[in-house]
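Notes follow once the structure below has been shown.
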Amino acid sequence: MFSNRRNTVFIAAVVTVIFATIVICACAVSCSGGKLNFKTSYYYVCYRITDNSVSAGSLSGTVSSYGGAGYIIEHGGNYYVTVSCYYANNDAETVCAGLKRRGLDCSVIKIQTDAYKLRSRAAKRNRDLYLGNLNTLNSLSRVAYECANGIDNGLSQSKAKETAKTIENSLKALLKSNQKNCFTETIEKLLAEYKDKTSGYLYSKDMRYLQIAITDAIIEAELY
């Protein structure tokens, strides 16, 4: 009974998030001149921060063995080995504090998006498409987040796989709409990550990895 109730609440949450991928209104957005402003913040719980990819790579498996994402974000010259990602600072700090009590050295890193430079005339023509892409990716990251939380709280594999499939279908739809532009390679990479992480038994850390991969794609987007 309680499992069915959890699944019902989870499905309702996911439907709400997916609806946000259709109605593009999730973030504070404006366009002016050669820039597209898309403001959102991500709060990453990180196991380690290093200044080189080799050190970060050696720690990724350790984080995964603890049940964390293990995704490595490169930002501002540093490499962040992530455990999880949140959309509010309090959520991230609470999780970080809990991990510290368990003896894990971690910290919270905030990365915020703001203005994206439209690097060509084509980018200016495609600003509405690119805005839609960013909004959709942001919403899909939240679907992955909700799915990870659902798995941690007893969501069945069939429901988790069904939810994960909505992410794949949405990414495929994005790819169809973004042939031969600056998002093509990014979406293809996310689809490959999806296939890798969902091919077997689906753990919450797999969905957190996918969630962070999607947010990283948003942060690193270059619009041309």
Side-chain angles (χ1 to χ4, degrees), residues 17 40-89 91-96 98-100 102 104-113 133-134 136-152 160-161 163-168 170-171 174 183 185-222:
V17 173
T40 189
S41 299
Y42 303 114
Y43 300 86
Y44 299 98
V45 177
C46 301
Y47 178 65
R48 287 284 195 280
I49 304 170
T50 72
D51 59 2
N52 67 84
S53 59
V54 176
S55 296
S58 67
L59 294 168
S60 177
T62 301
V63 172
S64 181
S65 70
Y66 290 153
Y71 186 94
I72 300 169
I73 287 181
E74 180 185 358
H75 186 72
N78 290 318
Y79 295 83
Y80 301 91
V81 186
T82 60
V83 177
S84 51
C85 171
Y86 300 90
Y87 303 91
N89 184 58
D91 292 338
E93 291 289 354
T94 298
V95 170
C96 187
L99 292 174
K100 285 182 177 180
R102 291 163 53 190
L104 298 179
D105 182 18
C106 61
S107 58
V108 175
I109 305 298
K110 175 184 177 182
I111 299 180
Q112 179 174 305
T113 67
N133 294 343
L134 293 170
T136 299
L137 289 172
N138 185 61
S139 294
L140 291 179
S141 78
R142 290 175 177 267
V143 173
Y145 170 77
E146 293 293 345
C147 188
N149 289 342
I151 293 171
D152 282 339
K161 291 277 190 176
T163 302
K165 190 68 176 179
T166 66
I167 296 175
E168 180 187 32
S170 296
L171 288 173
L174 275 183
F183 278 93
E185 184 177 349
T186 295
I187 299 168
E188 289 174 341
K189 182 179 178 181
L190 288 174
L191 282 167
E193 298 275 23
Y194 170 88
K195 184 177 180 180
D196 178 61
K197 293 300 178 181
T198 63
S199 58
Y201 191 91
L202 193 58
Y203 294 95
S204 61
K205 65 180 181 181
D206 299 321
M207 295 310 295
R208 296 194 193 285
Y209 186 101
L210 185 59
Q211 174 207 5
I212 296 172
I214 295 172
T215 64
D216 191 31
I218 295 169
I219 293 165
E220 295 300 320
E222 294 188 5

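Positions are given from 1, in the same order as the sequence printed here.
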Self-check item: Note, Glu168 side chain near Lys195 side chain (heavy atom, < 4.5 Å)
Solution: no
Quiz item: Got a sec: does the CD of Glu185 have more than 12 other heavy atoms crowding it under 6.0 Å?
Solution: no
Quiz item: Say you draw a straight line from CG of Leu191 to OG of Ser170; how long is it, rounded to the nearest 0.5 Å?
Solution: 10.5 Å
Self-check item: Nearest-0.5 Å distance that lies between atom OG1 in Thr186 and atom CG in Leu137
Solution: 8.5 Å
Quiz prompt | Atom NZ of Lys189: over 12 foreign heavy atoms under 6.0 Å | solution = no
Self-check item: Any Val63 side-chain heavy atom under 4.5 Å of Thr82 side chain
Solution: no
Exercise. Take Asn89 and Lys110 through the test side chain to side chain contact (heavy atoms under 4.5 Å, CB included) and record every step on the way to the result.
Key: CA-CA 8 Å; Asn89 184 58; Lys110 175 184 177 182; 6.0 Å; no
Quiz item: Heavy-atom distance under 4.5 Å between the side chains of Glu74 and Ser53, does that happen here?
Solution: no
Quiz item: With a 4.5 Å heavy-atom cut-off, do Tyr42 and Asn138 have their side chains touching?
Solution: yes
Quiz item: What is the minimum heavy-atom distance between Ser58 and Ser55, and which atoms define it?
Solution: OG-O, 2.7 Å
Practice problem: Determine the minimum heavy-atom distance between Gly68 and Lys205, stating which atoms define it. | Solution: O-CB, 3.5 Å
Quiz item: Between OG of Ser139 and CG of Leu134, what distance do you get to the nearest 0.5 Å?
Solution: 11.0 Å
Quiz item: Minimum heavy-atom separation for Lys100 to Cys106, with atom names?
Solution: CE-O, 2.9 Å
Practice problem: For residues Ile73 and Ile111, determine if any side-chain heavy atom of one lies less than 4.5 Å from a side-chain heavy atom of the other. | Solution: yes
Exercise. Using side-chain contact (heavy atoms from CB on, under 4.5 Å) as the criterion, point out the one residue from Ile212, Val45, Asp216, Ile214 that pairs with Cys85.
Key: Ile212
Quiz item: To the nearest 0.5 Å, how far apart are CG in Leu190 and NZ in Lys197?
Solution: 13.0 Å
Self-check item: Separation of Glu193 CD from Leu171 CG (nearest 0.5 Å)
Solution: 11.0 Å
Self-check item: Evaluation steps, side chain to side chain contact (heavy atoms under 4.5 Å, CB included), between Arg208 and Asn149
Solution: CA-CA 9 Å; Arg208 296 194 193 285; Asn149 289 342; 3.0 Å; yes
Exercise. For residues Tyr44 and Thr215, determine if any side-chain heavy atom of one lies less than 4.5 Å from a side-chain heavy atom of the other.
Key: yes
Self-check item: Closest approach of Met207 to Cys147 (non-hydrogen atoms, all atoms of both residues)
Solution: CG-SG, 3.9 Å
Quiz item: Would a 4.5 Å heavy-atom cut-off, applied to side chains only, mark Ile151 and Asp206 as touching?
Solution: no
Quiz prompt | Ile109 to Cys46 - nearest heavy-atom pair and separation | solution = CG1-SG, 3.7 Å
Practice problem: Compare every heavy atom of Ser204 with every heavy atom of Ala148, then report the nearest pair and how far apart it is. | Solution: O-CB, 3.4 Å
Self-check item: With sequence neighbours excluded, residues passing ring pair (Phe, Tyr, Trp, His ring centres under 6.0 Å) with Tyr209
Solution: Tyr71
Quiz prompt | Atom pair CZ (Arg48) and OG1 (Thr50), whose distance is rounded to the nearest 0.5 Å | solution = 10.5 Å
Practice problem: Answer whether the closest heavy-atom distance between the side chains of Tyr43 and Tyr87 falls below 4.5 Å. | Solution: no
Practice problem: Take Val95 and Tyr86, measure what side chain to side chain contact (heavy atoms under 4.5 Å, CB included) needs, and give me the verdict at the end. | Solution: CA-CA 10 Å; Val95 170; Tyr86 300 90; 3.2 Å; yes
Quiz item: So, Ser60 side chain and Gly70 main chain: donor-acceptor pair closer than 3.5 Å or not?
Solution: yes
